[in-house]
Each structure stands twice: as structure tokens, then as C-alpha cells.
Amino acid sequence: MPITAEPLSDGFGRIHRDLRISVTDRCNFRCSYCMPAEGLDWLPRADVLSYEEITRIARICVERFDFDGIRLTGGEPTIRANLPVLIEQLSALGVDLALTTNGTTLRTGAEALVAAGLTRINISCDSLRPERFATITRRDELAKVLDGIDAALEAGLAPIKLNVVAMRGVNEDELVEFAEFGRTKGIVVRFIEFMPLDAQGKWTNEQVLTQDEIITTIRAVFPLEPVAARGNAPAERWKYLDGGGEIGVIASVTHAFCESCDRVRLTADGMLRHCLFATRELDLRSMLRSGASDDDITAAIRAEVGAKWAGHQINQVHFIRPARSMSQIGG
Ligand code: SAM
Ligand code: SF4
């Protein structure tokens with residue numbers, strides 16, 4: 001009998017159609033807002049889902065819940081061996097397939113990712129100044145990342161989005177430089193408000209450069225107008241009045257978008273999270289490895305997402321930081 005998809009709805013009527021998959025918790029960078037300088041233990045290899053296991057969960061989400069988008073992330077997804085093999089398997093599901101990466105491997109790897117079926121890419125870079133970049137990431141590799149951006153453009157991955165975590169006292173003086181960079185390269189710069197997901201737990205509200213500050217600063221140099229309704233996308237968008245492209249801001253802290261969230265996350269060790277900030281997880285790895293049927297997994301995911309909360313409540317007294325940090329969850 002053919003399988004009929006039924007939307008994955010939660011208790012607030014939000015329909016989920018987007019799956020974020022972390023393919024590894026490992027990373028070749030150590031960004032200060034994400035990981036500690038040293039000492040975050042990697043997951044044991046046996047705990048990390050195989051590509052077949054990941055593809056099975058993704059297929060269930062597409063077949064049973066009509067998911068239409070998958071994004072691969074990490075850790076640094078491109079350092080997992082044979083990533084194009086996974087991309088090929090997922091691309092056969094016929095959904096929009098995107099990747100978030102720090103860009104370091106793209107000079108050698110972008111073409112293979114595209115050949116395997118990758119359609120969109122987000123590259124992260126928080127400073128265009130080599131010394132500052134090295135301080136933030138704890139790696140002196142800005143040149144490699146910039147070359148990786150060019151490699152992605154050459155491989156035909158357009159439009160590229162450039163993720164910039166905007167932090168007070170760190171890179172607030174580069175907002176306009178980033179805007180210029182995006183306009184020149186034809187890429188969409190997306191500023192992300194700093195979220196309390198750093199492994200060291202040093203986040204404070206004062207370090208958050210807000211959406212309002214970011215837009216005011218850029219608008220003073222390049223006039224902007226808002227782009228209409230963002231739907232389920234996390235970024236609010238503005239376009240340059242002179243036709244120079246657009247920018248976005250992901251304002252998870254000051255303009256939370258939980259009411260339109262359509263995302264669920266799968267961690268590298270096979271835990272389903274209904275929110276980036278969730279304090280509970282569904283252990284799909286145990287189900288996968290103990291002979292659970294597609295029906296069993298479908299029912300478990302439906303129950304987990306059914307229990308999704310209204311929102312993360314950063315800055316409220318009820319807010320509890322998740323036990324895992326960004327690189328361990330998958331941003
Ligand atoms: N390693 C890849 C990368 O950096 O693009 C993918 C994983 S990384 C966790 C995904 C995104 O999360 C990156 O754009 C990164 O800048 C962002 N990120 C990490 N920690 C963050 C934090 N505490 N607040 C806001 N964004 C953060
Ligand atoms: Fe690695 Fe990405 Fe985290 Fe930086 S933000 S440490 S590149 S996972």
C-alpha cells in the first residue's frame with residue numbers, strides 16, 4: 001500500500017518540514033562562541049550514526065511527514081569522511097538539500113558536493129581581518145575560508161549565504177565591511193545574534209549585538225528596505241535600495257521566531273531535538289539499532305514533536321541552557 005504523508009504538527013499547530021542533521025560533533029576550528037579552546041570530548045565513533053542510519057531517518061521524515069528541506073551541519077560537516085556519499089543518498093529523496101560549513105575544505109571539496117546533489121550552502125566567517133579571525137576561531141585560516149567562498153561560487157553554489165555571528169566588543173566595527181563584501185561578491189550576508197550555546201557558558205546578554213543595532217548601522221551607509229514576510233525562515237531580510245542585493249539577520253535573542261518554527265534536529269549521535277534549546281531528546285539511535293520499524297519511529301517522532309514547547313524563553317527567568325553546546329547539537 002502506498003504511504004500517505006501526514007504533516008508533523010505540534011501542540012501549537014506548527015507544521016514541521018525542515019530537518020537539520022548534524023553529521024559529526026568534530027571540528028577543525030574552535031570558535032570561542034561555540035567550543036572551548038581545548039577539552040571537549042568527541043563522541044565515541046560507535047555512537048555516531050552511519051550514513052545509512054541518517055538516510056533512514058531522513059527518508060521517514062520525507063515519506064511520512066512530507067518534509068521538504070534538509071540541512072547538514074555539525075561540528076564541521078565537511079571533515080566527515082565521504083560526505084558526498086551521504087549527499088547523494090539524501091539528494092535521491094528529492095528535497096532541498098543545504099549545508100552549513102566553515103568553508104575550509106571547499107577549495108578541494110566544493111565540486112564533489114555539487115556533483116553529489118548539494119544545492120545550497122551557508123559559509124561561516126566572523127571577521128575579514130586575519131588577526132581577529134584567528135582570535136575568534138583559534139585558527140589562522142581566514143585566507144583558506146575566503147578561498148573556499150570563491151571555490152563555492154566557482155562550483156555554481158549560488159546564492160551563497162555568509163553566516164556572521166555579531167558580537168559586541170568583538171566584530172561590531174565590521175558590519176559595514178561585511179555588507180560591502182557581500183555586495184561585491186554577490187553573496188547574502190546573514191548576521192546571527194550571539195546565542196547562549198557556547199560550550200564555556202560565558203554568554204551574557206550584553207555581548208549580543210542586536211538586530212536593531214545591526215540594521216541601523218548598515219542602513220546609515222547603504223539604505224535598506226525590509227523584504228516582506230519571512231514565512232518559516234529564521235532570517236529577517238532587507239534589500240539594498242540601490243539593487244545591491246540583500247542581507248538577513250537571525251535574531252534568535254531579541255526577535256525570537258519560535259511561533260513560526262518548522263525545524264527538528266538530529267544530532268550526530270542520533271538524538272532528535274524539537275528545538276535548538278530543547279532540554280530533552282528522543283533517542284532514535286537506540287530505536288534504529290534495536291530493530292524498530294518505520295511505523296515505530298514515525299510514532300515516536302510524532303509524540304516527541306507533539307510535546308514541543310512554545311519557545312525557548314532566552315532572557316526569561318524560566319530559561320535553562322541546554323546541556324549540550326552548539327557544536328554538539330548542530331547549528
Ligand atoms: N562548523 C560549521 C560552521 O561553522 O558553519 C557548521 C556548524 S556551526 C555550529 C553552525 C552555525 O552556528 C555557524 O554559522 C556558527 O557561526 C553558528 N554558531 C555557533 N555557535 C553560536 C552561538 N553561540 N550563537 C550564534 N551562532 C552560533
Ligand atoms: Fe566549529 Fe562551526 Fe563551532 Fe566554529 S561554529 S567551532 S567552525 S562547529
Side-chain angles (χ1 to χ4, degrees), residues 12 20 27 29-37 39-40 73 100 102 122 124-129 132-133 135-138 161-179 189-220 224 226 230 232-238 247-261 263 265 273-280 308-331:
F12 299 90
R20 304 281 162 115
C27 190
F29 275 10
R30 288 265 164 179
C31 303
S32 51
Y33 52 75
C34 179
M35 297 180 86
L40 194 66
T73 180
T100 303
N102 64 25
N122 288 15
S124 306
C125 177
D126 313 300
S127 176
L128 297 169
R129 303 180 191 175
R132 181 179 288 173
F133 182 93
T135 305
I136 295 173
T137 61
R138 304 184 176 108
K161 291 184 184 147
L162 191 75
N163 286 358
V164 181
V165 180
M167 288 166 290
R168 193 180 312 289
V170 176
N171 58 1
E172 64 199 295
D173 52 346
E174 285 190 71
L175 298 178
V176 172
E177 274 166 63
F178 269 113
V189 176
R190 298 199 321 171
F191 297 98
I192 306 176
E193 288 182 350
F194 180 28
M195 293 180 265
L197 287 169
D198 55 314
Q200 287 143 303
K202 295 269 170 63
W203 179 92
T204 63
N205 206 15
E206 290 66 46
Q207 295 166 284
V208 179
L209 203 55
T210 67
Q211 168 171 301
D212 297 351
E213 292 171 281
I214 294 166
I215 292 304
T216 304
T217 305
I218 294 177
R219 181 173 261 160
L224 293 167
R230 68 171 171 217
N232 298 111
E236 288 229 39
R237 297 156 56 202
W238 286 260
I247 57 166
V249 182
I250 299 182
S252 316
V253 179
T254 65
H255 294 74
F257 36 87
C258 304
E259 77 286 346
S260 61
C261 178
R263 281 168 291 287
R265 298 183 137 80
R273 298 175 64 89
H274 57 46
C275 174
L276 188 51
F277 294 91
T279 48
R280 54 183 274 171
K308 180 163 172 164
W309 55 20
H312 56 58
Q313 304 192 318
I314 297 175
N315 282 335
Q316 312 282 315
V317 284
H318 330 282
F319 178 67
I320 304 170
R321 272 185 71 113
R324 303 216 245 184
S325 54
M326 192 63 129
S327 66
Q328 298 169 313
I329 299 170

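- Side chain of R190 to main chain of V165: no donor-acceptor pair is present (N/O by atom type, distance under 3.5 Å, no hydrogens or angles).
- At least one donor-acceptor pair closer than 3.5 Å links the side chain of D198 to the backbone N or O of W203.
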- Please assess R273 against T279 for the test side-chain contact (heavy atoms from CB on, under 4.5 Å), listing each intermediate value before the final yes or no. CA-CA 9 Å; R273 298 175 64 89; T279 48; over 6 Å; no

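- Residues E193 and T210 bring no donor and acceptor atom of their side chains to less than 3.5 Å of each other.
- Between N122 and L162, every side-chain heavy-atom pair lies at or beyond the 4.5 Å cut-off.
- Shown here are the salt bridge (charged side-chain N to carboxylate O under 4.0 Å, His left out) partners of R237, two or more places apart in sequence or in another chain: E246.
- The residue from P322, S325, S327 that alone fulfils the side chain to side chain contact (heavy atoms under 4.5 Å, CB included) condition with L197 is P322.
- Taking the side chain as every heavy atom from C-beta outward, N102 and C27 approach each other to under 4.5 Å.
- Judged as a salt bridge (charged side-chain N to carboxylate O under 4.0 Å, His left out), the pairs with a partner in residues 207-217 (not counting sequence neighbours) are, in order, R168-E213.
- Residues passing the salt bridge (charged side-chain N to carboxylate O under 4.0 Å, His left out) test with D173, sequence neighbours excluded: R129, R132.
- By the salt bridge (charged side-chain N to carboxylate O under 4.0 Å, His left out) test, R20 is found to be paired with D18, residues two or more places apart in sequence or in another chain being considered.
- Side-chain contact between C261 and H274 is absent, with no heavy atoms from C-beta onward closer than 4.5 Å.
- Within the 4.5 Å cutoff, the side chain of W309 has no heavy atoms near those of the C258 side chain.
- Using a 4.5 Å cut-off on side-chain heavy atoms (C-beta onward), E236 and P226 make no contact.
- In this structure the side chain of R138 never reaches within 4.5 angstrom of the side chain of C31, judged on heavy atoms.
- The closest side-chain heavy-atom distance from F194 to V170 is not below 4.5 Å.
- Under the 3.5 Å distance criterion, the side-chain polar atoms of N232 are matched with a main-chain donor or acceptor of S260.
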- Message: Between F191 and I218, is the side-chain contact (heavy atoms from CB on, under 4.5 Å) condition met? List the steps.
- Response: CA-CA 11 Å; F191 297 98; I218 294 177; 3.4 Å; yes

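- Applying the salt bridge (charged side-chain N to carboxylate O under 4.0 Å, His left out) test to R219 and every residue at least two apart in sequence or in another chain returns nothing.
- Side-chain N or O atoms of E174 include none that pairs as donor or acceptor with a backbone N or O of N171 at under 3.5 Å.
- For the residue pair P234 and R263, the shortest heavy atom distance occurs at CD-NH1, 3.8 Å.
- By the ring pair (Phe, Tyr, Trp, His ring centres under 6.0 Å) test, F133 is found to be paired with F29, residues two or more places apart in sequence or in another chain being considered.
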